[in-house]
Every structure is written in structure tokens, then in C-alpha cells.
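Below is one structure, written out as C-alpha cells, with a few remarks after it.
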2 protein chains.
Amino acid sequence: MKNTKQRGAIMKILEESAEPVGAEEIFARLRGEWPNLALSTVYRNLERFAGEALVHKDVFNDGVVRYSLSGEHHGHYLVCTGCSNKIRIDDCPLACLEQGLAHDTGYEIEGHTLTIYGKCPECARREKKEQRKKK
Amino acid sequence: MKNTKQRGAIMKILEESAEPVGAEEIFARLRGEWPNLALSTVYRNLERFAGEALVHKDVFNDGVVRYSLSGEHHGHYLVCTGCSNKIRIDDCPLACLEQGLAHDTGYEIEGHTLTIYGKCPECARREKKEQRKKK
DNA sequence: CTTCTTGCAAATAATTTGCACTCCA
DNA sequence: TGGAGTGCAAATTATTTGCAAGAAG
């Protein structure tokens with residue numbers, strides 16, 4: 001894999017951001033510094049990185065694909081369906097389940113997506129207030 | 001919600017299929033019986049159903065949104081990243097984790113998405129063969 | 001040099017929307 | 001009958017691809 005400046009710039013964004021980022025977002029953030037960077041270059045490199053297992057690729061519920069460095073510590077989120085506030089879940093109870101599955105099905109497990117949805121205390125309270133108003 | 005024949009037909013597909021189905025797939029399956037059903041009607045109704053919590057909406061790793069009846073017994077899938085073959089996972093190890101989270105964060109947990117990805121034995125074998133060819 | 005990469009523009013794929021017409025309640 | 005629902009075509013959005021020109025080793 002050749003070492004090009006656009007490749008480096010894309011990787012730097014990935015390194016700097018704590019949360020997964022999408023191609024369009026990376027493109028927007030690099031627009032200033034690299035005015036004639038092509039969006040397709042971003043997509044191609046992200047796909048490349050994912051292929052080489054340098055980054056982890058994930059499709060979110062909004063349909064956008066986001067990437068994050070694979071070195072980063074594996075984690076999931078608890079997302080509030082009211083205000084979209086996110087809490088990281090460090091505990092991941094799936095390693096064991098995956099082993100069992102690999103054994104039972106013969107699949108080579110590559111990974112998983114897990115996101116938990118709920119209402120944070122404020123949103124839950126607000127929602128109940130609104131329901132009372134309606135009646 | 002009015003009871004139209006296309007709405008019924010879409011719901012019937014949902015009821016008949018054990019696995020989550022996408023809009024294009026439902027459209028394809030109904031084209032024979034309803035030759036001038038519009039794809040947009042399928043999309044609109046699925047969104048509607050999801051809004052009324054009649055069906056569960058989920059974005060898969062291939063970027064396609066698939067829907068399944070919410071009444072159905074809760075379950076997750078092991079999806080092959082090669083051929084998209086799906087195996088249902090009846091075991092769900094999250095109830096306990098969710099209780100702990102509710103206690104720790106004060107959130108009212110509403111649900112979660114969990115999908116495991118891997119390669120089925122055939123796809124894994126095929127992929128290895130192709131890699132060897134390249135060298 | 002020569003192969004890997006990029007930029008640009010055009011092509012897809014999945015989904016959404018505007019609008020006139022249709023059909024259930 | 002009146003508004004919810006539909007079909008059709010055109011618009012969006014996210015992503016992919018073909019190809020000639022450019023840069024890295």
C-alpha cells in the first residue's frame with residue numbers, strides 16, 4: 001500500500017475522532033486542507049483500510065456507513081431514542097456466545113453490531129408529562 | 001389506518017416470512033399477484049408499520065433496511081457476509097445486561113439491535129480459494 | 001519507468017417525494 | 001363524498017465505477 005498524502009490525511013481524521021466517522025464527514029473535514037480531494041478517494045481508502053482490517057466498518061441505523069480504527073477498544077452504545085445522547089457500554093457479553101455459534105454452525109465469525117435503545121431519565125420524564133397533557 | 005388490499009398483501013408477506021425482508025424483496029414477491037403495485041407503496045407502508053410499532057425495522061450490514069413482525073418471538077441473526085444466508089439465534093444474552101444498565105444509568109431500556117456477521121463454510125472456502133489464485 | 005492512486009464525471013442502488021388520481025369508510 | 005392511500009416519475013442520498021492523468025517507489 002503506497003503512502004500518499006490523501007491516505008495519510010484520511011487516516012489522521014480516523015485517529016483523531018473518538019467516535020466512528022462516515023465518508024462524507026471525513027470529506028467535509030478535509031475540504032479546507034485538501035481542496036481538490038475527491039470524495040471517491042475517501043470512499044476507496046476507507047474500503048481499503050477495512051479490507052486490510054485497519055479500520056472497523058459499521059452500518060448505523062440511519063443507513064450511513066461509519067468507520068473507526070480497529071485498534072480502539074471494542075465497545076457498544078446505549079442510545080437515547082429521545083435526545084440521541086450516547087453512553088458507552090464497555091461490557092460486551094458476546095465473546096462466549098460467538099464461540100458457541102462458530103462451533104454449532106461452522107461459520108467464521110467476523111464481528112457483530114450491538115446497540116441498545118432506551119429513554120434517558122429526562123426524556124422519559126418529559127414524555128410522560130406530554131402524555132398526561134393529551135388526556 | 002385504512003385497510004387496503006396492497007397493505008394486506010404486504011403484511012401477508014411479513015407474516016409468511018420467518019426472516020426479515022426488505023422492501024425490494026417484498027415488491028418482487030408481489031409483482032406477480034399485483035402487477036401494478038408501486039415500490040413506493042411498499043416503502044411507505046413499511047415505514048408506516050414501523051411507526052405504529054407493528055413491525056421492527058433493522059439496517060443490515062449490506063446497507064439494506066429489512067423489516068419483521070414485532071409480535072414474533074424476539075431473536076437475532078447470524079448473517080453470512082458472503083452470500084447473506086441467515087441463521088436465527090434464539091439465545092439472547094442481553095436481558096441481564098439490560099437490567100444492569102437500567103439500574104446504573106436510569107435509562108428506560110426499550111430494546112436493542114444485535115446482529116452477528118461471519119462467513120458460512122462455503123463462502124469461507126470459496127474466499128480462500130480465490131486468495132490462493134491471486135498469488 | 002511502471003504500477004498504484006487520484007480526480008472527475010457519470011452510473012448505481014436504495015429510498016423518498018410531489019402530484020394527480022383512486023378507492024375505502 | 002372526502003380524505004387516506006396509491007401509482008408513476010422525478011428527486012435525493014450514499015456509494016461505486018471507468019478512465020485518463022499524476023505521483024510514489
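These numbers come from a predicted model, not from an experiment.
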Checklist outcome for this item: Assign each of B:Lys57 and B:Met1 the nucleotide of DNA chain C bearing its closest heavy atom; nearer the 5' end lies the nucleotide of B:Lys57
Checklist entry - Given C:dT5, C:dG7, C:dT15, which nucleotide is nearest the side-chain atoms of A:Ala38? => result C:dG7
Item to check | CD/A:Gln99: more than 12 non-hydrogen atoms of other groups inside 6.0 Å | outcome: no
Checklist entry - Checking only heavy atoms, does the side chain of A:Ser40 share a donor-acceptor pair with the base of C:dC8 at less than 3.5 Å? => result yes
Checklist entry - Between C:dT16 atom C1' and B:Leu39 atom CG, what is the distance in whole Å? => result 10 Å
Item to check | A:Asn45 side chain near C:dT6 phosphate (N/O to OP1/OP2, under 4.0 Å) | outcome: yes
Checklist entry - Heavy atoms under 4.0 Å, any strand shown: does B:Arg66 hit a base, just sugar-phosphate, or nothing? => result nothing
Item to check | A:Leu101 backbone acceptor or donor facing A:Thr105 side chain under 3.5 Å | outcome: yes
Checklist entry - Mind checking whether A:His112 and B:His76 have ring centres under 6.0 Å apart? => result no
Next on the checklist: Going 5' to 3' along DNA chain D, between which two nucleotides do contacts with chain A fall, using a heavy-atom cut-off of 4.0 Å?
Outcome noted: D:dA14 to D:dG25
Checklist entry - B:Arg44 CZ to C:dG18 P: how many Å, rounded? => result 10 Å
Checklist entry - What does A:Gln6 touch in the nucleic acid at a heavy-atom separation under 4.0 angstrom: a base, only the sugar-phosphate, or nothing? => result sugar-phosphate
Checklist entry - Using a cut-off of 4.0 Å on non-hydrogen atoms, how would the nucleic acid contact of A:Arg7 be classed: base, sugar-phosphate, or nothing? => result sugar-phosphate
Item to check | Derivation of the salt bridge (charged side-chain N to carboxylate O under 4.0 Å, His left out) call for A:Arg126 and A:Glu122 | outcome: CA-CA 6 Å; A:Arg126 184 166 34 71; A:Glu122 294 97 86; over 6 Å; no
Checklist entry - Rounded to the Å, how far apart are B:Asn3 CG and C:dC23 C1'? => result 12 Å
Item to check | B:Lys2 backbone acceptor or donor facing B:Arg7 side chain under 3.5 Å | outcome: yes
Checklist entry - To the nearest Å, how far apart are B:Phe60 CZ and C:dA14 P? => result 15 Å
Checklist entry - Would you say C:dT16 has OP1 or OP2 under 4.0 Å from some side-chain N or O of B:Tyr43? => result no
Next on the checklist: Show, in sequence, the C-alpha distance, side-chain angles and deciding distance for A:Lys57 and A:Glu47, and conclude whether the salt bridge (charged side-chain N to carboxylate O under 4.0 Å, His left out) test is met.
Outcome noted: CA-CA 8 Å; A:Lys57 174 184 180 179; A:Glu47 264 317 297; 2.9 Å; yes
Next on the checklist: Output the rounded distance in Å from CH2 (B:Trp34) to P (C:dT22).
Outcome noted: 17 Å
Next on the checklist: Within the 4.0 Å heavy-atom criterion, would you say A:Leu37 contacts the bases, only the backbone, or no part of the nucleic acid?
Outcome noted: sugar-phosphate
Checklist entry - Expressed in angstrom and rounded to an integer, what is the separation of B:Asp62 atom CG from C:dA14 atom P? => result 9 Å
Checklist entry - Are the side chain of A:Ser70 and the backbone N or O of A:Leu54 linked by a donor-acceptor pair below 3.5 Å? => result yes
